[in-house]
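Here is the structure we will look at.
The structure presented is a predicted model; accordingly, all values stated were derived computationally and were not measured. Just follow the structure's listing: the first ligand is 1, and inside any ligand the first atom is 1.
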Amino acid sequence: MNVDSLLDMALTARFHAYAPYSKFKVGCAILLKNGQFVTGCNIENKSYGLSICAERNAVFKLISMGYTKNDVEAVCVVGDLKEPIMPCGACREVLMELLSPDTKIILSNLERNYIELNLNDLLPYAFKINEEL
Ligand code: THU
């Protein structure tokens, strides 16, 4: 996996963020096993609670395009912070629902100072319901 090109895609996605209220732009890129990318950015709303984070935007796009967790190689998130960005709790839950716990997650700032971990590190002891449901 080429981390630089994945970071490039997340940084480009961030460019499209609509964040007039927080002024905090976030980009996310999901690398597929077929080499393609699905990207997302945060999109805010004047009714603040309707805003969507970059990670959820990207993973909802992934599913709506017909892909599944089995198609995903890695996820990258970027934001303008001194440290690598950390996804919010809501995004951790949604990513855990739709991706595999061992999915590689790259978290970065704009200087490409990144850390790599997996989804299970971000949401250990995740909420589960019976498998047959
Ligand atoms: N945001 C994301 O896009 N991802 C996160 O993981 C945390 C927060 C967005 C939501 C809001 O538009 C802005 O960043 C400030 O919270």
Carboxylate-amine/guanidinium proximity below 4.0 Å for R112 and D8 =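 Yes, this pair counts.
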
With rounding to the nearest 0.5 Å, note down the distance linking [atom1] in [X] to [atom2] in [Y].
{"X": "S51", "Y": "N45", "atom1": "OG", "atom2": "CG", "result": "6.0 Å"}
{"X": "M96", "Y": "L123", "atom1": "CE", "atom2": "CG", "result": "4.5 Å"}
{"X": "T68", "Y": "L98", "atom1": "OG1", "atom2": "CG", "result": "10.5 Å"}

Can you tell me if Q36 and N34 form a side-chain donor-acceptor pair at under 3.5 Å?
->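 Result is yes, a qualifying pair exists.
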
Of the non-hydrogen atoms in A10 and A29, which two are nearest, and what is the gap between them?
->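 Minimum heavy-atom separation between A10 and A29: N-CB, 3.6 Å.
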
Quick one: table the atom pairs, ligand 1 N or O against protein N or O, below 3.5 Å, distance rounded to 0.1 Å.
from, atom 1, to, atom 2, distance (Å)
ligand 1, 3 (O), A54, N, 3.0
ligand 1, 4 (N), E55, OE1, 2.8
ligand 1, 4 (N), E55, OE2, 3.4
ligand 1, 6 (O), E55, OE1, 3.4
ligand 1, 6 (O), E55, OE2, 2.6
ligand 1, 6 (O), C88, N, 3.0
ligand 1, 12 (O), N42, ND2, 2.9
ligand 1, 12 (O), E44, OE2, 2.5

